[in-house]
Undergrad: 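Sharing a structure, written as structure tokens. Questions coming.
Per chain, numbering begins at 1; letters A, B, ... match sequence-line order.
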Amino acid sequence: MTARKRYWLMKSEPDAFSIDDLEKVGVEPWNGVRNYQARNFMRSMQVGDGVLFYHSNCKEPGVVGTAAVASAAYPDETQFNRKSDYYDPKSTREEPRWSLVDVKFDRKLARTITLEEIKRHTDALGEGFALTQRGSRLSVMPVTAAQWKLLLSLE
DNA sequence: GCCAACGTTGGC
DNA sequence: GCCAACGTTGGC
């Protein structure tokens, strides 16, 4: 039951949902992920896992805060909603395609750990790190304990 | 706003 | 099952 705590990095566009938004609401269902790899990572998450909150597609992309996984994976409601941008006509209640987890605010970093800065540590982070991998657009990815420690040590 | 890289779709 | 076309992501 009590698996060791694991770590993740989750991207969000601050224009859509920022770390400040998460601080305001406290807990947020991480809806709208429509990539199988990212979905599978969320399905393997456990309550209490650590999350690096990353701002993407913005002026200063980078890690801006930490959060925690607050639920096991469950179906993403937006896939059933015709009016939602995330509506998936091929998904059914019986066999939902898309899952999400609830994410709970932990803290904002004193400053943004920018992507530019993170790239300078590419070697230490290792080749398998999707964030610094050329062409990777994965929005939810695993982070090792060592990577977690290294990234937060830059704060 | 541009565009490279990637994932998905659909015709065959 | 291949692959061209298309849509999206996300850094710059």
Undergrad: Ignoring backbone atoms, establish whether A/Tyr86 has a side-chain N or O less than 4.0 Å from OP1 or OP2 of C/dT8.
TA: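 False: A/Tyr86 side-chain N/O out of range (4.0 Å or more) of C/dT8 OP1/OP2.
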Undergrad: Heavy atoms under 4.0 Å, any strand shown: does A/Lys119 hit a base, just sugar-phosphate, or nothing?
TA: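 Sugar-phosphate: the residue A/Lys119, judged by heavy atoms under 4.0 Å, touches backbone atoms but no base.
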Undergrad: How long is the line joining NZ of A/Lys11 and C1' of C/dT9, in whole Å?
TA: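 Roughly 8 Å, once rounded to whole Å.
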Undergrad: Where the side chain of A/Asn35 is concerned, which of B/dT9, C/dG11, B/dG7 is the nearest nucleotide?
TA: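 Per side-chain heavy atoms of A/Asn35, the pick is B/dG7.
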Undergrad: If I take atom CG in residue A/Leu138 and atom P in nucleotide B/dT8, what distance separates them, rounded to the nearest angstrom?
TA: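 Distance, rounded to whole Å: 11 Å.
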Undergrad: Figure out the CD/C1' separation between A/Gln133 and C/dT9, and round it to whole Å.
TA: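 It is 16 Å, rounded to the nearest whole Å.
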Undergrad: Does any donor atom in the side chain of A/Asp88 or A/Trp98 lie under 3.5 Å from an acceptor atom in the other side chain?
TA: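 Indeed, the side chains of A/Asp88 and A/Trp98 share at least one donor-acceptor pair under 3.5 Å.
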Undergrad: Can you check the A/Asp15 CG to C/dG11 P distance for me, whole Å?
TA: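 Value for this atom pair: 13 Å.
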Undergrad: Report the C-alpha distance between A/Tyr86 and A/Asn81 in whole Å, list the side-chain angles of each, state the deciding distance to 0.1 Å, and finish with yes or no for side chain to side chain donor-acceptor pair (under 3.5 Å).
TA: CA-CA 8 Å; A/Tyr86 302 127; A/Asn81 180 359; over 6 Å; no
Undergrad: Tell me: CG of A/Asp85 to C1' of C/dT8, nearest whole Å?
TA: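 These atoms are roughly 13 Å apart.
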Undergrad: Tell me: CD of A/Gln37 to P of B/dG7, nearest whole Å?
TA: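 Those two atoms, CD and P, are 7 Å apart.
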Undergrad: A/Glu116 CD to C/dC12 P: how many Å, rounded?
TA: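 Going from CD in A/Glu116 over to P in C/dC12 covers 8 Å.
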Undergrad: Could you work out which one of B/dG10, C/dT9, C/dG11 sits closest to the side chain of A/Arg137?
TA: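 Selected nucleotide (nearest to the side chain): C/dT9.
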Undergrad: Parallel, tilted or perpendicular, judged at 30° and 60°: which one describes the rings of A/Phe17 and A/Phe53?
TA: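 Taking A/Phe53 first and then A/Phe17, their aromatic rings sit tilted (interplane angle of 30° to 60°).
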Undergrad: If I take atom NZ in residue A/Lys59 and atom C1' in nucleotide C/dC12, what distance separates them, rounded to the nearest angstrom?
TA: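 Distance, rounded to whole Å: 13 Å.
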Undergrad: Are A/Arg107 and A/Glu155 ion-paired here, with the side-chain N under 4.0 Å from a carboxylate O?
TA: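 Salt bridge: yes.
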